[in-house]
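Remarks on the structure that follows.
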Amino acid sequence: MKTRHRAALAISALACLPVVVLVACSSAPVDDAPSRQPIPTANPTGTTPVTDGGDAPDAACFGPDQCFKCEPVQLVDFLNACTDGKCIPFDNAARLPLFKAGEPLPPVP
Amino acid sequence: MRFCSRSSLALGPLIGAFVGAALVLTASRAASAAPCADLPAPVIYGLGGSATKPLLSKIAGGLTAAGTLSVVYQAPGACLGINGLLADTKITGTASFWDATGREQSCTLPDAGQTVDFANMGNTAVSCPGVGALPNDVGDFLGPVNAYTVIVPLASSQLVISREAAYFAFGFGQLGKAQPWIDDTQIFRRDASSAVQLVLSIATGVPAEKFKGVDTKTNQGTITAVAQSSKPEAAIGLVSGEVADANRASVRVLAYQHAGQRCGYLPDSSATAFDKKNVRDGTYHLWAPIHFFAKIDPNTKKAINTNVAKFVGLFTSEVAPPANLNVIEAEIKSGNVPKCAMNVWRESDLGPLSKYTAPEPCACYFDQVATGATTCATCSDTKACEGGKTCRRGFCEAR
C-alpha cells in the first residue's frame, strides 16, 4: 500500500472518521507472465500479498498500487489482479488495536 | 474453519435439536394455510436455507404457471436441509410455495410429516456440522453462483471491511475493538447452520458456532435488524448477496478485503451496479455456487425422483424449461451469476480459483440482463457474428 494511503488512513483513525481511498489499477498484458513457485492463498496476519519464502513473485508482475498484472495462478493473484475497477483499502494496522502485523491473530474467545 | 472433520455422532443431537426447534416453530404458524398436498400435482418438497428464495420464487413460480410442477419449500437453515435429507427427516408445520406470479404463499404439511425430496443451500455439504462426505446415493447438483455479503445500514459511513476486522467484530464483539463494530447488540449474526455464516466462518477463521451478536434467524431478519438499527454506525450483519441486492433501498454492502488482498472489492463494479464484475473476475472473494441435493441412483447419478430430476435439471441445463421460463434470465435477475458468465471457478467453498471459460458462454447476455447494456454485438438468424464469435441468446459471445 502506498505511503499516502497509510497516512490518510492513520489520520482517519485518529479522527475517528472513515477515509476512503479508491484505488484503480489498469489491466496489463499477461502473455509474458513469468513462471514461479506457488505462494500461499492468504496471509493470515497482514494485508500485503505474501510469499512462502521460496521464489518470490517476479517484481515485474506488480503494477501500480501493487496490483498483480501477470497470469494469475494462486488465489492471492486473482484477489490482487490489476483491474479497472475501484477497490477500497482497509488498513488493519491503523484500525484494529488487536492486530499485530506479522503475528497470528489471537484465538477467538 | 471447516467442519468436515467433526464427529457426526457428537453433533447429531445438536442437529436434531435444531431441526426439532425449527419444526416446532413452523408448526406453531400452521394456522389456516391450505394443505400442500392439494397443490397441483406433481409436488416436490425441499428443505434448506432462505438465501435462495429470490431465485426459487422465479423458478418455482414459472413452473407453477406452466403447470409443470409445484415446489414446496421450508427454510429453517442451510445445513438443516442437507441433514434432513440425509436423515430422512419428515417435515411438518407450514412451508412456502410460489404462485404463478412468483409470489410466496404458505401451505400446511401433513401432521404425519412429509419426506424431503431435495435440499438446497449455498455451501457444500462438507462445510455443514455433522456432514462428512456425501453418501454415494446423494447427488450434489450445482446452481448459479451466489455472493455472500457483509452489510451495514444506509446511514453508516463504513464502506469496507477486512477479513481481520470481520474476525475481531464477529469473533470478539466488543472485546475485538474493531471500531465501529464493537456493540454486541448491533452485530447481527445467524447460526452455525446458515450458509452465509459458514462462508464467513471459512473466510475469517471465526468458528461458525462462536459468532458474537444477535441471531436474526433468517436473511430477511438480518435485513430488518440492520436497516432498522437505532445505532447505524455500529450495526453490521451477514446476508446472501441476492437478498442484499433485493434490499439495496434498506442496506448497503461493504467491500470485502480478504487476507493478503491489497484492498476491498464489492461484488459489483460499484455500489449501484448489478454486474457482479468482481465476483465473475475473482477479486471479490465471498462467493459460492448454490447446491441442490437429492437422492440419486449411484450408477446413473440421476435423481431417483423423476420430478426432482426435472427440477434440478433446470439448473444444470440438462432439462429444457417450459416455454414460459427462462432459467438463465431468472438466475441473473435474482442477483445470481450463471456459471456460463463466470471468468473464474472454484471447486470448494472459498477454495482456490482458476480461470474458467464456459463451453457456451453467456457473458454478453448476462450484462444485458443484469445491467441493461452490453458492448457485445447483437446477432440473429440473419445476422451472423464476426471474428469467430458465436451467436447465443441474441449476442455475439466469445465462443
Side-chain angles (χ1 to χ4, degrees), chain A residues 1-2 5 13 16-25 27 30 38-51 62 65-68 71-93 95-99 101 104-109, chain B residues 1 156-173 175-180 201 203-207 210-212 233 254-266 268-271 273 275 277-278 281-285 343-344 346 350-355:
Chain A
M1 183 178 297
K2 288 191 169 182
H5 298 161
C16 295
L17 291 171
V19 164
V20 176
V21 182
L22 300 180
V23 180
C25 181
S27 299
V30 295
I39 59 176
T41 56
N43 171 9
T45 58
T47 58
T48 302
V50 293
T51 73
F62 293 98
D65 301 304
Q66 293 300 301
C67 68
F68 189 79
E71 185 75 12
V73 177
Q74 305 298 315
L75 175 61
V76 72
D77 301 341
F78 285 94
L79 294 174
N80 291 301
C82 294
T83 77
D84 56 5
K86 292 175 180 175
C87 61
I88 310 169
F90 186 103
D91 192 332
N92 288 327
R95 294 187 57 177
L96 303 175
L98 301 184
F99 173 82
L105 297 173
V108 172
Chain B
M1 173 174 287
S156 168
S157 67
Q158 302 301 312
L159 297 176
V160 60
I161 190 167
S162 68
R163 173 258 180 176
E164 292 79 10
Y167 179 84
F168 287 118
F170 289 104
F172 291 66
L175 299 176
K177 302 179 182 178
Q179 292 279 2
S201 170
T204 63
V206 177
K210 285 195 169 184
F211 275 50
K212 298 285 193 237
E233 192 65 11
L254 293 179
Y256 175 74
Q257 172 182 298
H258 193 54
Q261 195 168 19
R262 66 197 175 94
C263 49
Y265 286 88
L266 293 168
D268 302 283
S269 61
S270 75
D275 55 18
K277 180 180 186 301
N278 300 326
D281 291 347
T283 50
Y284 183 78
H285 184 55
N343 299 315
V344 296
R346 58 175 30 137
L350 302 192
L353 294 177
S354 58
K355 283 199 163 186

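Below, chain A is the first sequence line, B the second, and so on; all start at residue 1.
- Contacts of B:A255 with chain A are made by side-chain atoms alone, with heavy-atom separations under 4.5 Å and no backbone atom involved.
- Residue contact with chain A, scored on non-hydrogen atoms closer than 4.5 Å, involves the side chain of B:V344 exclusively.
- The CZ atom of B:F168 sits 6.0 Å away from the CG atom of A:L96 when rounded to the nearest 0.5 Å.
- For the atom pair B:Y284 OH and A:L79 CG, the distance stands at 12.0 Å (nearest 0.5 Å).
- In this structure, B:Y167 contributes its side chain and A:P106 its backbone to a donor-acceptor pair below 3.5 Å.
- Interatomic distance, B:C263 SG to A:D65 CG, rounded to the nearest 0.5 Å: 7.5 Å.
- Between B:D281 and A:F78 there is no side-chain heavy-atom pair separated by less than 4.5 Å.
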Mind running side chain to side chain contact (heavy atoms under 4.5 Å, CB included) on A:L105 and B:R163 for me, showing each step along the way?
CA-CA 11 Å; A:L105 297 173; B:R163 173 258 180 176; 3.1 Å; yes
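- Only the side chain of B:K277 comes within contact range of chain A, with heavy atoms under 4.5 Å apart.
- Annotation: side chain of B:S270 is not in contact with side chain of A:K86 (no heavy-atom distance under 4.5 Å).
- Distance alone, capped at 3.5 Å, places no donor-acceptor pair between the B:Q261 side chain and the A:N80 backbone.
- When all heavy atoms of B:Y265 and A:A81 are compared, the pair lying nearest together is OH-O, 3.9 Å.
- Most heavy-atom pairs under 4.5 Å with chain A, from the set B:K212, B:Q179, B:H285: that is B:H285.
- Here B:Q257 contributes atom CD and A:N92 contributes atom CG; the two are 6.0 Å apart, rounded to the nearest 0.5 Å.
- Summarising the geometry, atom CD1 belonging to A:I88 is positioned 13.0 Å from atom OG belonging to B:S162; distances are rounded to the nearest 0.5 Å.
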